[in-house]
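In what follows, chains are A, B, ... by sequence order, proteins preceding strands, each numbered from 1. Side chains are part of it too, since the values below use all heavy atoms of this structure and drop only hydrogens, waters and symmetry mates.
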2 protein chains.
Amino acid sequence: MRYKAGYKEEKRREILKTSGELAKKQGFNNTGVDGFMHAANMTSGAFYSHFSSKNDLFKALIESEIGASIQQWEMNPHQDPESWLDFEMNRYLSLLHVQHPEKGCVLPSLAAEVSRADADIKQCFEKELQRGYKLFAQHAPEPDFAWAILCQMVGSVLLARGVQDERLKKDIINSSLAMLKTLLKNGIAK
Amino acid sequence: MRYKAGYKEEKRREILKTSGELAKKQGFNNTGVDGFMHAANMTSGAFYSHFSSKNDLFKALIESEIGASIQQWEMNPHQDPESWLDFEMNRYLSLLHVQHPEKGCVLPSLAAEVSRADADIKQCFEKELQRGYKLFAQHAPEPDFAWAILCQMVGSVLLARGVQDERLKKDIINSSLAMLKTLLKNGIAK
DNA sequence: GTCTATAATTTGATAGAC
DNA sequence: GTCTATCAAATTATAGAC
């Protein structure tokens, strides 16, 4: 055997990482197998020894990318729910996140493509998204609004990325930040 | 002249309408010129007598689609801000909207593709989006949160479309509806 | 104004050498 | 496991007939 054990797994993770960045930046469907492999310093022929099809890569990408977001959320240093959420909101609703899709959350970038993908991929997306939701429901001060808060963050980054003016990008994310903070400060008296 | 005056403009609007539905349903980049023209009962050769390029169609599509959403918002029958917003939230955050992207708002469907498009298209998107924002800022009870409310609605439909389970789709949009209504009921005491 | 035909690329995927 | 070479299909766009 000319390659070490574990080499293939390592290479696969490498492809997933560079492909994830590329897909978030320029879209999954807009990027060819050639493009993904080029980003991993390989040629397209080698692709199919790691994935059975381009669709297979998409599924693996959704899984690993949402997994990466969840890992970040799990490393949130704060204990009390208020501070925990405040930390995540500020990280997510930032100009840095808006301007660097390749390093950010997969949801604003690829959720629309997931909604058009086959049942297998949507299933995978749903499973991983539920994991993320549970983390928010456990740590956020108001579990009933965990989905709403996630939606708010995702939608804000999505729209802010679509506009050109930097001032407007800031206005959009700051409006969302202000609304979420107002909601939480008021104690969410239903 | 074998064709009536105004025939071309009419045909162009027809192409925009069917192309808009198709693009919202299956993505703009995923659809070929052939596909768009087939939906309008024409062949791809005729496309270029209406648009200079596929990119030109995208720009026209963004303009007409956001314009169509704004028209809907302008036809909201309610006068007082509270009822006006309540009406729009219920329309937007509905299972019907989640399940029929081809008939719905363009933002959850195509905003990610806009964020990857050229400056010309983003400019057009920004201009139209600002018009929509102003309508919300004028009619919604809290202008400072107009962007936040738009982001909330867009993000909710986006994520709800990505998951498979209908119960979960409902949970997502209902969480957002509940959060927005709580916020407004509490008088938005900042 | 729309058609058919076609040019030039790009795409997802396979085969075989090393 | 990765490479080069290659294929069949699909893509954007143009040309010329009606």
Side-chain angles (χ1 to χ4, degrees), chain A residues 1-20 22-62 64 110 113-114 116-118 120-121, chain B residues 1-20 22-62 64 110 113-114 116-118 120-121:
Chain A
M1 211 199 275
R2 291 196 287 189
Y3 291 89
K4 289 184 208 165
Y7 177 83
K8 189 170 179 178
E9 283 69 28
E10 190 192 321
K11 209 69 186 164
R12 186 189 148 103
R13 269 196 301 277
E14 201 180 313
I15 297 173
L16 280 177
K17 185 168 180 289
T18 52
S19 295
L22 203 54
K24 285 186 288 184
K25 188 178 166 193
Q26 60 186 32
F28 181 78
N29 267 292
N30 303 328
T31 309
V33 170
D34 218 37
F36 285 127
M37 292 307 277
H38 184 75
N41 284 314
M42 282 187 266
T43 56
S44 66
F47 176 83
Y48 294 91
S49 55
H50 292 279
F51 302 96
S52 65
S53 68
K54 198 192 172 194
N55 208 47
D56 186 31
L57 169 65
F58 193 33
K59 190 179 166 188
L61 228 43
I62 292 301
S64 78
L110 300 184
E113 295 192 53
V114 169
R116 294 171 196 126
D118 62 35
D120 197 32
I121 284 174
Chain B
M1 206 197 275
R2 290 196 288 185
Y3 292 89
K4 291 183 207 167
Y7 179 83
K8 189 171 180 178
E9 282 70 29
E10 191 193 320
K11 209 70 186 161
R12 185 188 148 104
R13 269 196 302 277
E14 201 180 313
I15 297 173
L16 280 177
K17 184 168 179 289
T18 53
S19 295
L22 202 54
K24 286 185 287 184
K25 188 178 167 191
Q26 61 186 33
F28 180 79
N29 267 292
N30 304 328
T31 308
V33 170
D34 219 35
F36 285 127
M37 292 306 277
H38 184 75
N41 285 313
M42 282 187 266
T43 55
S44 66
F47 176 83
Y48 294 92
S49 56
H50 292 280
F51 302 96
S52 66
S53 68
K54 199 193 172 193
N55 207 47
D56 186 28
L57 169 65
F58 193 33
K59 191 179 165 188
L61 229 42
I62 292 301
S64 78
L110 299 183
E113 295 191 54
V114 169
R116 294 171 194 128
D118 61 37
D120 197 32
I121 285 173

Visitor: Quick one: list whatever passes salt bridge (Lys or Arg N to Asp or Glu O under 4.0 Å) with B:Glu14, sequence neighbours left out.
Guide: B:Lys11
Visitor: With respect to the side chain of B:Met42, which nucleotide from C:dA13, C:dC3, D:dC3 is positioned closest?
Guide: C:dC3
Visitor: Would you mind reporting whether A:Tyr48 and A:Asp56 have side-chain heavy atoms less than 4.5 Å apart?
Guide: no
Visitor: Can you sort out the partners of B:Ser49 under side chain to side chain contact (heavy atoms under 4.5 Å, CB included), two or more places apart, ordered by chain and number?
Guide: none
Visitor: Please report the interatomic distance CZ(A:Arg12) to NE2(A:His50), rounded to the nearest 0.5 Å.
Guide: 9.0 Å
Visitor: Could you tabulate the donor-acceptor pairs under 3.5 Å formed by side-chain atoms of residues 22-30 of chain A, not counting sequence neighbours?
Guide:
residue, atom, partner, partner atom, Å
A:Lys24, NZ, A:Glu65, OE1, 2.9
A:Lys24, NZ, A:Glu102, O, 3.3
A:Lys24, NZ, A:Gly104, O, 2.8
A:Gln26, NE2, A:Thr31, OG1, 2.9
A:Asn29, ND2, A:Glu113, OE1, 3.0
A:Asn30, ND2, A:Gln26, O, 2.9

Visitor: Taking only residues two or more places apart in sequence or in another chain, which ones pass side chain to side chain contact (heavy atoms under 4.5 Å, CB included) with B:Thr18?
Guide: B:Ala39, B:Ala40
Visitor: For DNA chain C, determine which residues of residues 30-39 of chain A have any heavy atom closer than 4.0 angstrom to one of its atoms, and list them numerically.
Guide: A:Thr31, A:Gly32, A:Val33
Visitor: Nearest 0.5 angstrom please: A:Ile62 CD1 to A:Ile121 CD1, how far?
Guide: 7.0 Å
Visitor: Can you pull every protein N or O that's under 3.5 Å from an N or O on nucleotides 7-10 of chain D?
Guide:
none

Visitor: Rounded to whole angstroms, how far apart are CD on B:Glu10 and C1' on C:dG1?
Guide: 13 Å
Visitor: Please list, pair by pair, any protein nitrogen or oxygen found under 3.5 Å from a nitrogen or oxygen in nucleotides 15-17 of chain C.
Guide:
none

Visitor: May I ask you to verify if any side-chain N or O of B:Thr43 is less than 4.0 angstrom from the OP1 or OP2 atom of C:dT2?
Guide: no
Visitor: How many angstroms lie between atom OG of A:Ser52 and atom CZ of A:Phe47, to the nearest 0.5 angstrom?
Guide: 8.0 Å
Visitor: Roughly, in whole Å, what's the span from NZ in B:Lys8 to P in C:dG1?
Guide: 5 Å
Visitor: Rounded to whole angstroms, how far apart are NZ on B:Lys11 and P on C:dG1?
Guide: 12 Å
Visitor: Roughly how far apart are A:Leu61 CG and A:Ile15 CD1, rounded to 0.5 Å?
Guide: 11.0 Å
Visitor: In whole Å, what is the span from the CZ atom of B:Phe47 to the C1' atom of D:dT14?
Guide: 14 Å
Visitor: Taking side chain to side chain donor-acceptor pair (under 3.5 Å) as the test, write out the residues that go with B:Lys59, two or more places apart.
Guide: B:Asp120
Visitor: Which residues pass the salt bridge (Lys or Arg N to Asp or Glu O under 4.0 Å) test with A:Lys17, sequence neighbours left out?
Guide: A:Glu21
Visitor: Which residues, if any, of residues 48-59 of chain A bring a heavy atom under 4.0 Å of DNA chain C?
Guide: A:Tyr48, A:Ser53, A:Lys54
Visitor: Who pairs with B:Asn41 by side chain to side chain donor-acceptor pair (under 3.5 Å), at least two apart in sequence or on another chain?
Guide: none
Visitor: For B:Thr43, which residues count as a side chain to side chain contact (heavy atoms under 4.5 Å, CB included) partner, sequence neighbours excluded?
Guide: none
